[in-house]
2 protein chains.
Amino acid sequence: MPHKKLKLADLAKLAGVSTSTASRALNDNPLIKKETRERVQKLAKEHNFSLNAAASRLRLQKTKVIAVLINLDSETEQSIDDPFLLKVVSDINLAVNRQGYELLLSNSFMAGTDWYGYFIDGRRADGVIVVGQGKQQALIDKAAKAGMPLVVWGDPKTDADYVVVGSDNFLGGELAAEHLIDKGSKNPMFLGDPAHAELSERYGGFCAGAERAGVTATQLLKIDITSQAAYDAINHKLRNDGLDFDGIFACSDMVALGAMKALKERYVSIPNDVHVVGFDDIAMADISFPSLTTIRQDTRQAGELLVKKLLAQLSGQKVSSSQLEIALIERQSS
Amino acid sequence: MPHKKLKLADLAKLAGVSTSTASRALNDNPLIKKETRERVQKLAKEHNFSLNAAASRLRLQKTKVIAVLINLDSETEQSIDDPFLLKVVSDINLAVNRQGYELLLSNSFMAGTDWYGYFIDGRRADGVIVVGQGKQQALIDKAAKAGMPLVVWGDPKTDADYVVVGSDNFLGGELAAEHLIDKGSKNPMFLGDPAHAELSERYGGFCAGAERAGVTATQLLKIDITSQAAYDAINHKLRNDGLDFDGIFACSDMVALGAMKALKERYVSIPNDVHVVGFDDIAMADISFPSLTTIRQDTRQAGELLVKKLLAQLSGQKVSSSQLEIALIERQSS
DNA sequence: CTGAAAGCGCTAACAT
DNA sequence: ATGTTAGCGCTTTCAG
């Protein structure tokens, strides 16, 4: 069965044409007569012929590949755990494929510190989508400066030389604050880590929204952005300070769910004693009990836009950052 | 800034050696004098030199790329939603990188029906890891027959010509049944769809375990394997049949969480009225309230093993399927 | 220990 | 409308 590999020259011979004709025919070049094109294509299908991508890329100097670089904060090489991030990647994948590109899944471990050299000079990809700004943006800056075709999923308000696509995090924070206060919260608390670009915006919006609604008694509980950390922090706080808050705006749904678990275990009623709002709208938000009110990020549109902007860059256009709309999804937790 | 691309020949000139020496030096070929090697390598680093992967692949006839093919059942192109699957991919990614390979993230949309042609002949990857056997395995079979280096994440008991790595699903089912009965369940129910290879094993083990424990009053509630479907199905069943079960073995954690939501909304107590056991041990299992007893699958080891077996195949070794150990993690839901 | 040169399979400029 | 051919940048055989 191990059929032997046909090369373009073999296919051309089978079709009784030259390699250039075969090449053009496969690429549907109108220079070639329609019948010839179809004959070659049919033959290719019959023999399960595939162009050698390596040869093609060498010749064309482009790869038709987009790299997705997952930019984790953690120093230790670690697998990703946040369902939201993975959802973003999955939606990017869809969008990339829809444009006829392939997706190289990468990370800082492989790419090292010279992203331009690795991806572009190394002819591994034509452009890169970075998922997650994280805390340190030096490498992103460096790659952008080197002229790497690049789009970043992060906070679009970032003042940087590269293109960012992301949700309106500030507005999301405002909406959350307003909603909590609307529901009767007098002492809402932000749960997260404003050191991250995106979360700093969410926190800023939260404070602004609360202030505008006349609430100044806001708190900030700074934690690692994992559900475990949220669970621990809420437990710790209840033990030490008692229940001195009546609303939580969590920086992500996973964080919100961790916090809710701690509350439920201590018989703090949600939403009666504490109103909770999350961020992201992951699948679990709807499935948790009580279901979680949250700020929905449109990952589908995000993928679409990230890819569109990257391809625009590749075709030499000047593109700029843009902000995705978000929406508050009201459920039982508030 | 846009530095211009160095090719190997340029680097060689800078180093005052021939391209062949430069090439060997970069690959740490001991044929080259140590000092020369180091001089070339240092120069390469200084100039951010990267080999052109396309040229290298064309010459070597191998890519140092492993493709991961996510095999979804759904006809419609769709983004993946199950956090467990994504966790598996993420752990494969880690393992692939650790071996110095890169990861091409693909799907049936891109690969079409001739996987051998697309990946191997097309020189896109040296081998493929398929995640998810799904219901239809014809394409996997076809690729395996064609001689494609291939490892599948699925049920290792599968009687097939290809190598499968997966958990001991049957044992998992048995453990779940025994545990439920141990906890006092007299009428345990399986929630899932035995049409999937892996789930059929889980169901088989569940039945066998129950029978051995002297319980014959098991039920099967056949549903799509999503949390939403589980939620709907449990609601529907409670409305129609009342509470005629006192234990649930869900085919996945997401399904279990959906079922639990329906139970909680109708004030059915977990675990007092109904004991619940899930499968996978996703992050949410620990965060849900009550936390979810489940069968843990070791995705880290899975990634490691999948890659190891694939690389063994690439180096011409004969490899066979193998089973990962699973463990019951007892939490509050049972 | 190092260099010269062939050739991997494709595409496109340049014939015809 | 199609064919001839050069050359993309690398690795490795063969020759020193």
Side-chain angles (χ1 to χ4, degrees), chain A residues 3-41 43-44 47-65 117-126, chain B residues 3-41 43-44 47-65 117-126:
Chain A
H3 65 196
K4 87 163 202 307
K5 166 89 175 111
L6 288 184
K7 62 176 86 168
L8 186 58
D10 301 328
L11 185 71
K13 202 163 293 167
L14 282 170
V17 296
S18 71
T19 57
S20 47
T21 300
S23 174
R24 289 191 257 248
L26 290 178
N27 292 309
D28 245 337
N29 188 324
L31 241 58
I32 304 298
K33 199 178 14 175
K34 192 139 175 265
E35 303 149 38
T36 318
R37 257 185 287 165
E38 280 164 0
R39 188 158 46 86
V40 174
Q41 289 172 11
L43 218 49
H47 289 78
N48 286 327
F49 173 79
S50 301
L51 282 173
N52 182 322
S56 183
R57 286 172 188 166
L58 174 58
R59 174 63 227 232
L60 289 172
Q61 305 282 39
K62 57 181 201 162
T63 62
K64 282 282 204 172
V65 170
Y118 184 74
F119 290 114
I120 308 302
D121 283 346
R123 291 287 184 281
R124 277 166 238 273
D126 298 334
Chain B
H3 65 198
K4 87 163 204 301
K5 167 90 176 104
L6 286 185
K7 61 178 86 171
L8 185 59
D10 301 328
L11 185 71
K13 202 164 297 170
L14 282 170
V17 296
S18 70
T19 58
S20 40
T21 299
S23 174
R24 287 189 261 246
L26 289 178
N27 292 310
D28 243 336
N29 189 324
L31 240 58
I32 304 299
K33 198 177 14 174
K34 191 136 175 270
E35 306 148 35
T36 318
R37 256 185 290 166
E38 280 164 359
R39 188 158 45 84
V40 174
Q41 289 172 10
L43 219 49
H47 290 79
N48 286 327
F49 174 80
S50 301
L51 282 171
N52 182 322
S56 181
R57 285 170 190 169
L58 173 58
R59 173 65 227 231
L60 289 171
Q61 305 282 39
K62 58 182 199 159
T63 63
K64 284 284 207 169
V65 170
Y118 184 73
F119 290 114
I120 308 303
D121 284 346
R123 291 290 184 279
R124 276 167 239 273
D126 297 335

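Owing to the predicted nature of the structure, the values given are computational and were not obtained by experimental measurement.
- Formation of a donor-acceptor pair under 3.5 Å by the A/Arg24 side chain with backbone atoms of A/Asn29 is not found in this model.
- Atom CG in A/Asn27 sits about 13 Å away from atom P in C/dA13, given to the nearest Å.
- At C/dC10, none of the side-chain N or O atoms of A/Ser56 fall inside 4.0 Å of OP1 or OP2 (strictly under the cut-off).
- Contacts of B/Arg24 with the nucleic acid, taken as non-hydrogen atoms under 4.0 Å apart, include base atoms.
- Judged as a salt bridge (charged side-chain N to carboxylate O under 4.0 Å, His left out), and not counting sequence neighbours, A/Arg59 has no contacts.
- Residues B/Leu8 and B/Phe49 have side chains in contact (heavy-atom distance under 4.5 Å, counting atoms from C-beta outward).
- Taking atom CZ of B/Arg57 as the reference point, atom P of C/dC10 lies 16 Å away to the nearest angstrom.
- One atom, CD1 of A/Ile32, and another, C1' of C/dA12, lie 12 Å apart when rounded to the nearest Å.
- Taking atom CZ of B/Arg123 as the reference point, atom P of C/dC10 lies 9 Å away to the nearest angstrom.
- The interatomic distance linking A/Arg59 (CZ) with D/dG7 (P) rounds to 10 Å, in whole Å.
- Residue B/Leu60 is classed as a sugar-phosphate contact, given heavy-atom separations below 4.0 Å to backbone atoms only.
- Judged by atom type and distance alone, B/Ser20 reaches the base of C/dA4 through a side-chain donor-acceptor pair under 3.5 Å.
- Proximity of B/Gln61 to the phosphate of C/dG7: no side-chain N or O atom is located under 4.0 Å from OP1 or OP2.
- Residue-level contact check: A/Thr19 touches the bases, meaning some heavy atom is under 4.0 Å from a base atom.
- Comparing B/Val17 and A/Leu8, the nucleotide of DNA chain C nearest to each residue sits closer to the 5' end for B/Val17.
- Between A/Thr21 and A/Thr36 there is a side-chain heavy-atom pair separated by less than 4.5 Å.
- Between A/Thr21 and the phosphate of D/dT2, there is no side-chain N or O to OP1/OP2 separation shorter than 4.0 Å.
- Here the C1' atom of nucleotide C/dC8 and the CG atom of B/Asn52 are 13 Å apart, to the nearest Å.
- Remark: C1' of D/dA6 and CG of A/Leu58 are 13 Å apart, rounded to the nearest angstrom.
- One atom, NZ of B/Lys62, and another, P of D/dT12, lie 9 Å apart when rounded to the nearest Å.
- Taking the salt bridge (charged side-chain N to carboxylate O under 4.0 Å, His left out) definition, one finds that A/Arg123 meets it with nothing, sequence neighbours left out.
- Of the residues near DNA chain D, B/Lys7 and A/Thr36, the one whose nearest nucleotide (by heavy atom distance) lies more toward the 5' end is A/Thr36.
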